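Only one structure is covered here, and it is reproduced in the block below.
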Amino acid sequence: MKTNPPNALSCEQALARLDLLLDGELDDAELLAMEAHVAECGRCRAEAERRDQLRAKLRQALRKPAAAPEFEQRVQTMIRMEARRGFRFQWQYAAAAAAVVIGLSGTVAYQLGHLRLSYQQQEAYVTSISEKVSNIMRVGLIDHVHCAVFKKWPKQSPPLDEIVKEMEPKYRPVATLVKQNIPASYRVLTAHQCTARGRKYIHMAMMSTEGNLVSLVMSEKRTGETFANNGIRQESAQRFRMAGFETAGFLAYVISDMDEKQNQQLAEAIAGPVKTFFNSLG
Amino acid sequence: MENAMTEQAGNHPLAVNGPQGLSAERRFELEAMPHLQDLTRTASRLMGDRTRAEDVVQEAYLQAWKSFSRFETGTNCRAWLYKILFHCIHHYRRKWFRLSVVKPMDEYTEATAAYTAPIPEHLTDEDFVAALDKVPSDFRAVILLVDVEEFAYRDAADILGVPIGTVMSRLNRGRKILREQLSGIAAEFGYGISMEKEADA
């Protein structure tokens with residue numbers, strides 16, 4: 001134990017304040033006194049290092065990803081659903097109700113936004129419908145169902161420049177491009193960035209005067225993902241018609257409840273400008 | 001908090017656009033969702049298993065969303081979420097089992113005025129997790145908040161709804177128990193940590 005000059009801390013006093021020092025809880029005067037003591041006293045400095053090491057090792061041991069991507073997605077979807085309607089969990093009935101919904105889905109696909117489905121029922125429906133298409137098409141379909149079909153859209157839409165505020169500025173021009181290349185009767189419902197099942201999307205949804213719901217869904221390519229041609233690939237599942245194309249870095253989908261020909265025409269009208277725009281982003 | 005939690009999301013006053021032109025949902029996504037990992041980590045260590053931890057975290061986020069209109073943008077969202085989380089954990093425990101009440105230690109100064117033994121290099125991350133799990137839950141909660149999540153004492157006290165002095169005494173006692181548990185684990189593997197060295201001071 002060292003000999004202390006007048007007004008300096010003794011080792012006993014320093015030890016009593018050591019945790020406060022390491023936790024950043026000392027005021028300026030105490031901090032100066034402690035720093036002076038620890039700088040002079042090897043034994044207290046070693047003790048500070050040991051205690052700091054314990055905290056560091058504990059943090060290292062515990063600070064690992066704790067939440068699985070599926071759980072994160074579950075919470076996000078729950079908030080999204082809550083944001084649109086005050087829904088209540090009905091866990092005990094979810095499985096049975098989902099089965100009923102899936103059974104009826106062929107005829108009620110576009111009324112889902114008006115049903116008060118629980119999160120689990122919606123997830124079950126998304127899983128069911130996405131299993132009917134190829135892996136590459138599933139990427140787009142999941143977001144369309146999650147983010148457009150399950151929503152109840154208002155009869156009036158805000159102006160496009162208001163709608164696009166939920167997009168990063170660099171992506172906003174794509175909403176105008178799409179609007180310019182589809183029939184004027186289509187109303188833009190949303191243009192935003194979202195996440196579904198751990199994957200990020202750029203999503204624009206529109207509705208025709210006949211009530212057809214159309215999405216342009218885009219997602220960054222992951223390794224190996226490609227439509228393997230330069231044209232437009234089509235698939236269908238129940239009432240959903242899908243047309244997929246790609247830019248240098250993104251997969252893109254036009255998904256709707258129109259007939260195959262109409263959906264294809266819409267995709268052809270959008271694909272050129274969208275490809276040019278996204279490829280110019282680099 | 002109870003009052004805040006009864007607000008219905010369907011009537012959310014910020015449901016269209018908040019002060020920054022973003023919808024409440026988007027602001028919640030930007031401010032609250034990045035803390036999901038932290039809350040899940042803390043809940044996992046306090047609830048003992050992942051399923052129960054996810055239940056309380058999900059409930060905490062639901063309650064947070066319902067009272068999001070009361071959250072002031074720019075204030076400490078993480079501390080606010082933790083406060084809600086601990087409310088949910090407390091509620092969950094009261095519902096499912098009786099908590100063993102741990103009385104806070106008063107001998108704060110006495111217990112910290114001692115030299116400690118070094119932590120053996122051989123202890124793994126899993127050993128630290130196992131040792132922490134053996135620390136009584138009230139003490140473990142404070143260690144998680146201060147040592148792992150690096151909250152200030154004042155924030156930890158606010159989150160737990162206890163005085164700062166209680167945070168300090170629980171922290172001190174909890175760290176001591178943690179060292180004892182690590183020492184026990186080290187001894188099992190013959191690493192030779194000895195808490196007797198503390199008496200060396």
Side-chain angles (χ1 to χ4, degrees), chain A residues 1 10-20 22-25 43-44 46-47 49-51 53-68 70-76 78-89 91 119 158 162 165-167 190 192-195, chain B residues 8-12 15 21-26 28-29 32-33 36-45 50 53-54 57-58 61-62 65-66 108-110 112-119 123-129 132 143-144 146-148 150 152-153 168 171-172 175 178-179 182 201:
Chain A
M1 203 155 303
S10 67
C11 285
E12 190 179 358
Q13 290 169 319
L15 279 174
R17 290 165 175 77
L18 208 47
D19 281 331
L20 296 171
L22 295 172
D23 294 336
E25 298 283 346
R43 201 169 183 204
C44 286
E47 176 61 18
E49 283 167 6
R50 279 197 291 275
R51 293 189 191 188
Q53 187 190 34
L54 177 65
R55 289 160 172 74
K57 289 203 168 187
L58 193 62
R59 272 197 293 277
Q60 177 194 307
L62 289 166
R63 281 199 161 182
K64 293 175 178 171
E70 306 85 64
F71 176 58
E72 199 163 341
Q73 179 54 38
R74 205 164 86 204
V75 174
Q76 270 185 334
M78 177 189 73
I79 298 302
R80 194 173 300 150
M81 293 303 117
E82 275 291 320
R84 271 140 193 82
R85 52 181 178 266
F87 100 122
R88 288 284 173 270
F89 288 105
W91 301 106
Y119 163 76
E162 281 296 315
K165 282 183 178 171
E166 291 195 42
M167 269 181 164
T190 184
H192 62 256
Q193 286 162 263
C194 51
T195 304
Chain B
Q8 293 300 303
N11 299 322
H12 208 289
L22 296 174
S23 68
E25 183 187 346
R26 180 70 179 138
F28 189 84
E29 194 176 314
M33 291 308 293
L36 184 78
Q37 288 287 349
D38 292 350
L39 267 73
T40 308
R41 174 171 55 236
T42 301
S44 297
R45 297 273 60 86
R50 187 169 159 170
E54 289 186 352
V57 171
Q58 186 162 319
Y61 268 87
L62 183 63
W65 164 253
K66 287 179 178 177
Y108 168 72
T109 305
E110 178 192 334
T112 51
Y115 291 105
T116 58
I119 305 301
L123 289 176
T124 63
D125 289 353
E126 288 71 29
D127 292 332
F128 274 84
V129 171
L132 181 66
I143 289 177
L144 283 165
V146 176
D147 284 352
V148 181
E150 299 182 271
Y153 292 174
M168 291 162 76
L171 191 57
N172 172 58
R175 284 168 175 162
L178 179 63
R179 284 196 300 270
L182 287 168

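Values reported hereafter were calculated over all heavy atoms of this structure, with side chains retained and with hydrogens, waters and symmetry mates removed. The sequence lines fix the lettering, A, B, ..., with proteins before strands; numbering per chain opens at 1. Note that the coordinates shown come from a computational prediction; the quantities given were computed from them, not determined experimentally.
Heavy atoms of B:Arg26 lying under 4.5 Å from chain A belong exclusively to its side chain. Within the 4.5 angstrom heavy-atom criterion, atoms from both the backbone and the side chain of A:Glu72 approach chain B. Only the side chain of B:Glu29 has a heavy atom closer than 4.5 Å to any heavy atom of chain A. Proximity to chain A (any heavy atom under 4.5 Å) is shown, for B:Val148, by both the backbone and the side chain.
The main-chain N or O of B:Asp147 is found under 3.5 Å from a side-chain atom of A:Arg59 such that the two form a donor-acceptor pair.
Side chains of A:Arg74 and B:Glu54 form a contact here, defined as non-hydrogen atoms less than 4.5 Å apart. Counting heavy atoms from C-beta outward, A:Leu54 and B:Leu178 have side chains that approach closer than 4.5 Å. B:Thr40 places a side-chain heavy atom less than 4.5 Å from the side chain of A:Phe71. Contact annotation: the side chain of A:Lys57 never approaches that of B:Leu123 to less than 4.5 Å [non-hydrogen atoms, C-beta and beyond]. Looking at B:Met168 and A:Leu20, their side chains come closer than 4.5 Å, going by heavy atoms from C-beta outward.
The candidate from A:Pro158, A:Ala61, A:Cys194, A:Ala14 with the greatest count of non-hydrogen atom pairs under 4.5 Å with chain B is A:Ala61. In terms of heavy-atom pairs under 4.5 angstrom with chain B, the leader among A:Glu49, A:Gln13, A:Gln53, A:Gln193 is A:Gln53.
Going from atom CG of B:Leu144 over to atom CG of A:Leu58 covers 7.5 Å, rounded to the nearest 0.5 Å. To the nearest 0.5 Å, the span separating CG on B:Asp125 from CD on A:Gln60 amounts to 5.0 Å. A distance of 5.0 Å separates CD of B:Gln58 from CE of A:Met78, quoted to the nearest 0.5 Å. Between atom OH of residue B:Tyr61 and atom CD1 of residue A:Ile79 there is a gap of 8.5 Å, rounded to the nearest 0.5 Å.
In this structure A:Thr190 satisfies the side chain to side chain donor-acceptor pair (under 3.5 Å) test together with A:His192, sequence neighbours excluded.
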Full working for side-chain contact (heavy atoms from CB on, under 4.5 Å) between B:Tyr153 and A:Asp23: CA-CA 8 Å; B:Tyr153 292 174; A:Asp23 294 336; 2.4 Å; yes
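Salt bridge absent: A:Arg55 and B:Glu150 never bring a charged side-chain N and a carboxylate O closer than 4.0 Å.
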